[in-house]
Amino acid sequence: MSAQPADGARAARNRSIVEQSLKAWADGTGSPYDLLTEASTWTIVGRSAAARTYRGREAFMREVIRPFNARMSAPLKPVIRRIYADGDTVIAFFDAKGTASDGTPYANTYAWFLEMQDGRIATAHAFFDSVEFNELWTRVAPGEPQ
């Protein structure tokens, strides 16, 4: 029975870390990607243009996050719907909206399943609307002028 309170405390700590990173992202003062370990894996589930497993923080940032951000004139801002935690697993369920560099709004709903290790994200599985993502990804080139 003594393992349960420790597990509950770990879950609360992990939940808080993820929640604070999402709030910092919304405020423009940080990013949940700052929590990624260098050796993390991030899997985008589904059939989007970016769907696959990225091995290492830098690969994910280089191949998905930086090109995505380069397509935006107003960055994504998340609005948390719910965050669940159980031990080292945190599920973040949120909406995010921004504006593409062509002036078109972008909005999507995300569910991230995160495996935490020492307060950092070691493994992630991300679910979102692939159609919405693909429309942005193919319509707007990175760095396209406004």
For side chain to side chain donor-acceptor pair (under 3.5 Å), just list the numbers for Asn134 and Ser48, CA-CA rounded to whole Å, side-chain angles, deciding distance to a tenth of an Å, and then say yes or no. CA-CA 6 Å; Asn134 284 350; Ser48 77; 4.6 Å; no

Within-4.5 Å side-chain heavy-atom neighbours: Trp25 and Pro75: no

Quick check: do Val90 and Ile83 have side-chain heavy atoms less than 4.5 Å from each other? yes

Do Leu36 and Ile91 belong together in a cluster built from hydrophobic side chains that touch within less than 4.5 Å? no

Do Glu115 and Ile121 come within less than 4.5 Å of each other through their side chains, counting heavy atoms only? no

Taking all non-hydrogen atoms of both residues, which atom of Glu132 and which atom of Asn108 are closest, and how far apart? CB-ND2, 3.8 Å

Looking only at heavy atoms, the pair that brings Thr37 and Arg120 closest together is CG2-CB, 3.6 Å

When rounded to the nearest 0.5 angstrom, what distance separates NZ in Lys77 from CG in Leu22? 13.5 Å

Centroid separation under 6.0 Å, is that true for the rings of Tyr33 and Phe60? yes

Among Arg15, Arg13, Arg10, salt bridge (charged side-chain N to carboxylate O under 4.0 Å, His left out) partner for Asp88: Arg10

Surrounding CG of Asp118 (heavy atoms of other residues, nucleotides or ligands, distance under 6.0 Å), is the total greater than 12? no

Of the non-hydrogen atoms in Phe127 and Val45, which two are nearest, and what is the gap between them? CE2-CG1, 3.4 Å

Roughly how far, to the nearest 0.5 Å, is the CD atom of Glu58 from the OG atom of Ser40? 10.5 Å

Pairwise distance CE(Met116) to CD1(Ile17) - rounded to 0.5 angstrom: 5.0 Å

Identified side chain to side chain contact (heavy atoms under 4.5 Å, CB included) counterpart of Tyr54 within the set Ile65, Thr41, Ile44: Ile44

If you take all heavy atoms of Ala11 and Ala85, which pair is closest and at what distance? O-CB, 3.4 Å

If Ile, Leu, Val, Met, Phe, Trp and Tyr residues are connected whenever their side-chain heavy atoms lie under 4.5 Å apart, and connections chain through other members, are Leu114 and Leu76 in the same group? yes

Please verify the inter-ring angle class for Tyr110 with Phe128; under 30° counts as parallel, over 60° as perpendicular, anything in between as tilted. tilted

What closest approach, in Å, do Ala100 and Leu136 show between heavy atoms, and which atom pair accounts for it? CB-CD1, 3.5 Å

Ser21: which of Ser31, Pro78, Pro32 passes side chain to side chain contact (heavy atoms under 4.5 Å, CB included): Pro32

Indicate yes or no: at least one non-hydrogen side-chain atom of Val18 is less than 4.5 angstrom from one of Asn14. no

Quick check: do Trp112 and Trp42 have side-chain heavy atoms less than 4.5 Å from each other? yes

What are the two closest heavy atoms between Arg71 and Pro142, and how far apart are they? NH1-CG, 3.3 Å

Can you tell me how far apart OG1 (Thr123) and CZ (Phe113) are? Round to the nearest 0.5 Å. 14.0 Å

